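Nothing here was measured: the structure is a model prediction, and the numbers come from that model. Every chain is numbered from 1 and lettered A, B, ... according to where its sequence line falls, protein lines coming before strand lines.
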Number of protein chains: 2
Amino acid sequence: MKTEHRSGCPINLSLEVFGDRWSLILLRDMIFGGRRHFRELLNGSIEGIASNILTDRLKRLMELGMLTKADDPSHKQKAIYSLTEMAITLVPIMAHLGAWGRVWLPVSEELSIRAELMERGGPELWEQFMDELRHEHLGAPSKTPPGTPGVRQQLQAAYQAVVARKAESATA
Amino acid sequence: MKTEHRSGCPINLSLEVFGDRWSLILLRDMIFGGRRHFRELLNGSIEGIASNILTDRLKRLMELGMLTKADDPSHKQKAIYSLTEMAITLVPIMAHLGAWGRVWLPVSEELSIRAELMERGGPELWEQFMDELRHEHLGAPSKTPPGTPGVRQQLQAAYQAVVARKAESATA
DNA sequence: TGCAACTGATTGCAAAATGCAATCGGATTG
DNA sequence: CAATCCGATTGCATTTTGCAATCAGTTGCA
């Protein structure tokens with residue numbers, strides 16, 4: 001754990017945690033993409049992180065208390081990375097960040113559909129999603145009634161729909 | 001303007017704008033600290049930015065449309081930097097970031113009092129603050145009734161109060 | 001008029017972070 | 001037993017950052 005801080009300002013300290021080009025990207029992929037393994041994070045993100053940087057960031061985020069690591073029972077070499085409560089509470093920030101980016105930056109339609117859905121869902125959806133993440137990553141009991149479609153499921157479905165529509169209009 | 005993006009994801013594009021160690025610090029000092037001049041930004045921030053980095057970031061943030069620069073009529077060498085609407089709409093993100101940092105990171109009392117006030121004020125206060133910033137930086141007409149204490153004024157007063165109390169308890 | 005202080009930078013250089021490709025030893029699969 | 005997959009590690013070039021010194025023009029003041 002790094003104990004030398006530039007200042008005790010909350011915004012500065014937050015930046016010291018994820019004010020770099022990769023940390024928040026990884027957390028995004030774990031939160032919204034459901035990625036839990038090294039290889040998933042390595043090959044799964046569109047931005048293309050290098051494996052040494054990925055190693056370093058996973059280690060760093062663990063030291064900072066944002067992630068934990070556990071053995072995957074199905075494979076003696078596989079490790080499962082889990083979000084901590086600290087990381088899960090970034091969901092509203094992610095949602096705001098996505099919403100801001102959608103307004104001001106040249107986002108692509110496919111990749112911003114998730115942000116749009118989070119924006120439309122509002123704080124209630126965020127809470128449901130965080131509850132879901134606590135269930136997946138912390139083993140917490142889920143408060144949502146059984147049969148309710150998961151938030152990530154909805155996000156993925158929306159993404160697939162856009163991709164399908166785009167492919168269709170391209171061949172038409 | 002950099003036109004080569006890693007991806008069209010809103011979160012990634014947002015990170016490309018302020019996903020470094022200084023951009024958001026500068027915007028924080030302009031928004032919450034009311035700094036408008038090079039020297040104010042250089043000497044005013046606790047974290048201590050170097051002048052070459054400051055030059056680079058100001059230029060970069062202007063190219064990205066977050067800041068504008070104008071001559072100061074009172075001094076032929078002075079430049080006044082202004083926030084654009086794009087930057088002003090970061091206020092809610094700053095507030096969330098501050099709130100998250102206050103919960104999870106070793107913030108100092110003096111430097112987190114502003115974040116606490118923003119948190120307690122909620123979206124209504126943020127709106128009032130953004131209105132105030134539009135007035136200061138964009139010359140927009142203020143919607144707040146005359147005589148109402150400005151949000152930054154409140155933030156500064158709260159900060160001073162904490163500092164004074166701390167000094168008092170130190171000498172006691 | 002002269003001079004110190006201040007304006008927004010620029011320069012040079014060392015250190016750190018990043019990007020990229022190849023590779024590692026062990027585990028698993030077919 | 002060979003191919004593939006696992007989470008890394010290594011070496012090296014490029015880029016970014018940190019730090020201090022310096023710059024030329026402007027201003028305030030004696």
Side-chain angles (χ1 to χ4, degrees), chain A residues 2-7 12 15-27 29-30 33 35-64 66-82, chain B residues 2-7 12 15-27 29-30 33 35-64 66-82:
Chain A
K2 203 175 274 181
T3 46
E4 203 173 329
H5 299 294
R6 299 192 301 185
S7 87
N12 173 60
L15 277 180
E16 289 185 15
V17 172
F18 45 75
D20 70 278
R21 300 184 78 70
W22 289 112
S23 298
L24 216 57
I25 294 287
L26 294 184
L27 292 166
D29 287 344
M30 290 190 70
R35 271 129 206 190
R36 309 288 298 263
H37 300 287
F38 190 92
R39 279 312 216 257
E40 286 176 345
L41 288 162
L42 185 64
N43 305 320
S45 91
I46 339 156
E47 289 85 10
I49 189 172
S51 68
N52 53 348
I53 309 284
L54 176 56
T55 299
D56 181 76
R57 288 306 181 280
L58 287 172
K59 183 182 151 213
R60 212 180 106 81
L61 289 173
M62 285 194 298
E63 287 170 351
L64 290 166
M66 303 277 285
L67 300 179
T68 58
K69 182 182 180 177
D71 292 339
D72 185 330
S74 76
H75 190 304
K76 286 188 183 173
Q77 264 182 329
K78 259 185 182 167
I80 299 185
Y81 294 93
S82 298
Chain B
K2 202 174 275 182
T3 46
E4 203 173 329
H5 299 294
R6 300 192 299 185
S7 85
N12 173 59
L15 276 181
E16 289 185 15
V17 172
F18 45 76
D20 70 278
R21 300 183 78 68
W22 289 112
S23 299
L24 214 59
I25 294 287
L26 294 184
L27 292 166
D29 287 343
M30 291 191 69
R35 280 150 200 166
R36 309 287 299 263
H37 300 287
F38 190 92
R39 290 288 161 159
E40 287 176 345
L41 289 162
L42 185 63
N43 305 320
S45 91
I46 339 155
E47 290 85 10
I49 189 171
S51 68
N52 54 350
I53 308 283
L54 175 56
T55 299
D56 181 75
R57 287 306 181 280
L58 287 172
K59 184 182 151 212
R60 209 178 110 78
L61 288 173
M62 287 194 298
E63 288 170 349
L64 290 166
M66 304 277 286
L67 300 179
T68 59
K69 183 183 182 176
D71 292 339
D72 185 330
S74 76
H75 190 303
K76 287 187 181 172
Q77 263 182 331
K78 260 185 180 167
I80 300 185
Y81 294 93
S82 298

Check the distance between [N]'s [atom2] and [X]'s [atom1] and give it to me in whole angstrom.
X: B:Met62; N: C:dG8; atom1: CE; atom2: P; result: 12 Å
X: A:Leu41; N: D:dC6; atom1: CG; atom2: C1'; result: 14 Å
X: B:Glu16; N: D:dT16; atom1: CD; atom2: C1'; result: 16 Å
X: B:Leu26; N: C:dG8; atom1: CG; atom2: P; result: 14 Å
X: B:Ile53; N: C:dA14; atom1: CD1; atom2: P; result: 17 Å
X: B:Arg21; N: C:dA16; atom1: CZ; atom2: P; result: 13 Å
X: B:Asn52; N: D:dT22; atom1: CG; atom2: C1'; result: 12 Å
X: B:Leu54; N: D:dA20; atom1: CG; atom2: C1'; result: 16 Å

Side chain of A:Thr55 - closest among D:dG18, D:dA8, C:dT10: D:dA8
Proximity to the side chain of A:Phe38 - top-ranked nucleotide from D:dT17, C:dC20, D:dA8: D:dA8
Side chains of [X] and [Y]: closer than 4.5 Å at any heavy-atom pair?
X: B:Trp22; Y: B:Leu54; answer: no
X: B:Leu58; Y: B:Leu41; answer: yes
X: B:Ile25; Y: A:Leu15; answer: yes
X: B:Lys69; Y: B:Ile80; answer: no

Position toward the 5' end of DNA chain C (nearest nucleotide), B:Leu58 or A:Arg39: B:Leu58
Over all heavy atoms of both residues, which pair between [X] and [Y] is shortest? Give the atoms and the distance, please.
X: B:Gly44; Y: B:Arg35; value: O-NH1, 3.3 Å
X: B:Arg21; Y: A:Arg6; value: O-NH2, 2.9 Å
X: B:Ser23; Y: B:Val17; value: OG-O, 3.9 Å

Contact residues, residues 69-82 of chain B to DNA chain C [heavy atom, < 4.0 Å]: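 Under 4.0 Å from DNA chain C: B:Lys69, B:Gln77, B:Lys78, B:Ala79, B:Tyr81.
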Residue whose nearest DNA chain D nucleotide is more 5′ - B:Ile49 or A:Arg36: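 Here A:Arg36 is the residue nearer the 5' end.
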B:Tyr81 backbone acceptor or donor facing B:Arg36 side chain under 3.5 Å: yes
Between [X] and [N], is there a contact of a side-chain N or O with OP1 or OP2 at under 4.0 Å?
X: A:Trp22; N: C:dG19; value: yes
X: B:His37; N: C:dT7; value: no
X: B:Arg57; N: D:dT17; value: yes

Qualifying residue, where the test is side-chain contact (heavy atoms from CB on, under 4.5 Å) with A:Leu61 and the options are A:Asp56, A:Thr68, A:Leu67: A:Leu67
B:Arg57/B:Asp20 ion pair, N-O < 4.0 Å: yes
Angle by which the axis turns from one end of the helix from C:dT1-D:dA30 to C:dG30-D:dC1 to the other, five pairs per end, to 10 degrees: 20°
